[in-house]
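What you see below is based on every heavy atom in this structure, not just the backbone, and it leaves out hydrogens, waters and symmetry mates. Each chain gets a letter, A, B and so on, in the order the sequences are listed, and its residues count up from 1.
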Amino acid sequence: MAYDFATIEPKWQARWADERVFNVTADPDRPKFFNVQMYPYPSGEMHMGHLRNYTYVDLITRYKTMRGFNVLSPMGWDSFGLPAENAAIASGIHPRIFTEEKIQTMKAQLKRLGGVYDWDREIASHTPEFYRWDQWLFLKLFEQGLAYKKLAPVNWCPQDQTVLANEQVVDGACERCGTIVAKRDLEQWFFRITDYGERLLNDLALLDRWPDRVRVMQENWIGRSEGAQFTIKVADNDLSFEVFTTRPDTVFGMTFAVLAPEHPLVEALITGSETETEAREYIAAARRASEVERLAEGAKTGVFTGAFAINPANNGQVPIYIADYVLLSYGTGAIMAVPGQDQRDWDFAKRYGIEIIRTVEPPSGFEGEPYLGEGPVINSDFLDGLDQASAKKRIIAWLEERGLGFGKVQYRLRDWLISRQRYWGCPIPIIKCPTDGLVAVPEADLPVVHPDVENYAPEGESPLASVPEFVNVICPVCGGPAERETDTMDTFVDSSWYYLRYCDSDNSEEIFDPAKVAYWMPIDQYVGGIEHAVLHLLYARFITKVLHDMGLVEVEEPFAALFTQGMIVKDGAKMSKSKGNVVAPDDYYSRYGADAIRLFELFIGPPTDDAIWNDNGVEGTYRFLDRVWRIGHGEAGIVVDSPPSEGDQALRAAAHRTVKKVTEDIDRFRFNTAVAALMGLTNSILDRLRSDEGLSRSVYDEAYGLLLKMLGPMAPHVTHELWEQTGRGPMLALEPWPVWDPSLVELEEVTMVVQVNGKVRDRIQVPSRISEAEAESVALNSAKLAPYLAAGTIRKVVVRTPNLVNVVIS
RNA sequence: GCGGGCGUAGCCGAAUUGGCACAGGCGCCAGACUUAGGAUCUGGUGGGUUCGCCCAAUGUGGGUUCGAGUCCCACCGCCCGCACCA
């Protein structure tokens with residue numbers, strides 16, 4: 001009879017909760033394990049793709065618990081954000097009501113899957129109890145000058161009616177809604193993450209249990225480059241501009257200079273020049289162009305300003321151009337152009353007939369085009385003959401001696417734009433006073449609770465601005481009338497520190513107790529999607545370092561180990577509501593139960609890889625669990641009260657080998673092969689049960705007990721029920737993880753392969769401790785080898801005990 | 001363009017170190033049970049076979065090696081990241 005998961009599942013879910021099996025407190029006497037999944041946005045919709053992650057995290061919680069760790073596995077909700085707000089605009093329902101309903105739905109789904117968390121520590125970022133500390137954190141950054149407001153050209157999403165951080169712009173489009181972003185000059189709040197750029201880069205080396213590709217992505221994003229910055233004077237007037245270059249060694253090859261169209265000096269240079277009209281048209285066109293068009297690599301175009309620059313190295317005069325291939329936002333927004341050693345400058349010089357001077361000797365036979373490789377410096381006065389590294393040092397020293405420039409490290413990383421013109425986010429705790437400027441809300445007045453509004457739709461500014469009772473306030477410094485900041489914070493601010501709050505979630509006096517954080521941090525296993533490789537994960541590292549510097553957090557890095565799981569793909573696309581290819585779990589729950597779903601999620605493929613959904617897969621794992629059930633209920637064969645046969649002994653050894661295999665596979669995140677190994681063990685038990693002599697009770701009890709324990713974290717409901725029903729104990733989750741007997745794992749006898757010239761010609765059972773000489777002798781005496789050996793002369797015998805002998809003949 | 005990864009059966013995949021290629025599952029075929037089967041169970045599932053075995057095979061072509069899915073080179077295809085960053 002098929003097992004009754006519909007009864008078993010609620011029973012055990014209730015017991016885990018009622019007996020508080022997975023609720024924990026800091027205990028310095030026990031090794032801790034802090035297991036966290038990136039807290040989800042409460043969309044309310046959970047499909048098979050989501051369940052994969054939750055299954056992994058729950059498996060780790062249960063496995064590490066059985067391994068003796070004090071495991072903290074909390075859950076929370078990234079519950080501010082646009083979907084709730086957009087739903088509110090559409091329906092008029094308050095985003096809080098909408099969000100809290102979704103949270104309840106998702107929580108029920110997690111419980112239905114059998115996920116166990118310390119729910120006492122549940123947090124939700126939209127609650128004043130949580131966002132109060134967002135605001136507190138903001139004030140701490142503000143005090144230190146790490147939060148500041150400035151007028152800057154920023155990314156504006158016309159669809160969402162809000163600004164976006166650089167990290168949220170993908171290929172020139174809003175990463176949320178795909179709308180092409182526009183540039184706007186706006187006063188916005190920034191976090192000074194660039195102050196931490198070097199540390200964020202260097203400390204990537206500490207993250208040896210992160211995927212390489214995530215580290216590489218962060219490295220690229222931070223984008224460190226070494227070079228020099230120096231001043232270039234404009235001929236015939238007092239103007240000058242700064243340039244940054246990574247190739248100061250090629251300065252003698254500068255044959256023109258380029259300013260970005262938005263560069264502040266441009267106006268002065270073109271006014272009254274013979275190319276003024278042309279230049280103004282070019283600048284206007286560049287401003288009109290979208291980011292995507294600007295970034296599309298194509299023909300290098302530009303306009304001569306009519307002005308000339310003086311090369312500080314040799315005082316030669318070169319033309320100054322405006323060109324949109326130079327970006328205002330990187331470096332100084334102006335470059336020295338050296339076509340001999342730079343492809344872009346070469347393209348531009350060719351187009352406009354500008355002189356090209358090589359300053360690096362290309363290898364003989366090198367044809368055309370800029371030379372980017374190493375070679376002796378030429379045409380460069382006192383640098384001639386040097387290699388590139390020496391020339392760089394020499395020219396930087398030369399510039400520094402004369403006060404013309406200096407060596408510089410440049411980062412691609414920009415400050416983090418954190419203000420948003422939306423309703424459903426944490427209010428920024430700042431008061432704008434006509435007398436005192438930007439004033440911090442006193443800590444005692446936190447939280448700045450965000451008010452109800454009539455209309456959620458953003459219209460260029462935050463909906464909070466439409467609430468006079470909220471906006472109008474007394475300045476805490478001068479007591480005069482003032483106005484509140486109405487922007488809200490990027491939700492990535494919340495997620496940059498939420499995991500710390502899990503350590504002390506109901507603290508109403510401080511953001512957290514540093515002692516509790518010291519016990520639990522760092523997170524031993526962090527699990528989430530690759531899409532956060534440079535967003536959340538970089539911000540969280542930054543904020544952790546800030547809190548470390550404030551003395552609140554001991555660790556410098558929050559996530560000791562990172563696992564990024566693959567997606568579930570169906571019909572060639574990631575499972576998502578918008579693609580219309582989601583597989584909802586409901587049918588599978590009612591037909592096969594939670595354990596079969598979990599097991600298939602584990603089995604579907606290597607956890608790091610995307611996996612293709614298979615409609616029949618859950619049925620397969622269900623069949624497997626049903627076999628396990630029938631074995632436990634004596635429906636699958638015969639258990640006999642007699643001493644173990646040879647076959648039984650082999651099964652016992654196989655069971656111990658499986659313990660080793662499964663333990664090692666879980667430790668290295670190879671859940672798919674761990675499940676396969678358990679299926680293999682089950683098949684082996686069935687073989688013995690169905691054998692003519694039956695399976696001896698002692699071996700059956702041991703092997704089946706091991707199977708249940710190993711399967712426990714994967715398919716917890718059915719295994720807990722079987723554990724209890726077969727009288728093994730009251731709570732499988734609290735049993736210790738099994739250990740394998742090394743003497744059993746090592747086989748007594750192995751099959752030795754005997755090859756002739758690399759082809760398998762015989763297989764011989766030999767003792768696993770066979771000596772090389774014996775192995776060779778056994779192999780050469782093989783009757784099956786005789787005809788081959790007779791046909792030639794033995795040249796060599798390669799022996800790899802105990803697995804293989806290869807006889808080379810000719 | 002730069003950087004990284006991948007390519008194994010009809011499908012998903014396994015193969016810690018260079019050492020028996022394809023574990024486990026899906027699908028398919030046959031049989032059992034059955035009023036029935038889209039349930040369940042059993043067996044099979046590259047080709048050939050005198051049933052002992054033999055042969056072929058890890059995208060393509062080369063190389064190193066006694067031995068290559070694994071290492072090296074070139075090519076083909078797919079995926080990911082970065083990309084006018086000076």
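Note on A/V753: a base of the nucleic acid sits closer than 4.0 angstrom, heavy atoms only. At a threshold of 4.0 angstrom between heavy atoms, the contacts of A/V798 include nucleobase atoms, whether or not backbone atoms are also involved. Here A/S225 lies in heavy-atom contact (under 4.0 Å) with sugar-phosphate atoms only. Contact annotation for A/I604: backbone-only contact, meaning every heavy-atom pair under 4.0 Å involves sugar-phosphate atoms and none involves a base. Heavy atoms of A/K759 sit under 4.0 angstrom from primed sugar atoms or phosphate atoms, though from no base atom. Residue contacts for A/E664: at a heavy-atom cut-off of 4.0 Å it reaches a base atom on one of the strands shown.
For A/N806 against B/rC66, a side-chain N or O and a base N or O form a donor-acceptor pair under 3.5 Å. For a distance-only test at 3.5 Å, the side chain of A/K796 fails to qualify as a donor-acceptor partner of the base of B/rC66. Not a single donor-acceptor contact under 3.5 angstrom links the side-chain atoms of A/R213 to the base of B/rG81.
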For this session: For RNA chain B, just give me the dot-bracket, please: Watson-Crick or G-U, both distances below 3.5 Å, ( ) intra-strand, [ ] crossing earlier pairs, | paired with another strand, . unpaired.
Result: (((((((..(((......[....)))((((((.......))))))(((....)))...(((((..]....))))))))))))....
Problem set entry | Audit row: A/R224, A/Q410, side-chain hydrogen bond (donor to acceptor under 3.5 Å, both in side chains) steps and yes/no | CA-CA 6 Å; A/R224 181 182 199 272; A/Q410 180 71 42; over 6 Å; no
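The side chain of A/R800 places no N or O atom within less than 4.0 Å of a non-bridging phosphate oxygen (OP1 or OP2) of B/rG18.
Take the nearest nucleotide of RNA chain B for A/D345 and for A/R763: the residue whose nucleotide is more 5' is A/R763. Between A/L686 and A/R761, it is A/L686 whose nearest contact on RNA chain B lies nearer the 5' terminus.
Residue A/R351 places its CZ atom among more than 12 non-hydrogen atoms of other residues, nucleotides or ligands, all under 6.0 Å distant. Atom CZ of A/R668 is surrounded by more than 12 heavy atoms from other residues, nucleotides or ligands within 6.0 Å.
Nearest nucleotide to the A/D324 side chain, out of B/rC84, B/rA86, B/rU42: B/rC84. Listed candidates were B/rC20, B/rC82, B/rA56. Nearest to the side chain of A/R412 is B/rC82.
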Exercise. For every nucleotide of nucleotides 22-30 of chain B, 5' to 3': is a protein heavy atom under 4.0 Å from its base (B), only from its sugar-phosphate (S), or from neither (-)?
Worked result: -BBSSS---
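With its glycosidic angle more than 90° from 0, B/rG13 adopts the anti conformation.
Ion pairing between a basic and an acidic side chain is recognised when a charged N comes within 4.0 Å of a carboxylate O; A/D762 and A/K784 show such pairing.
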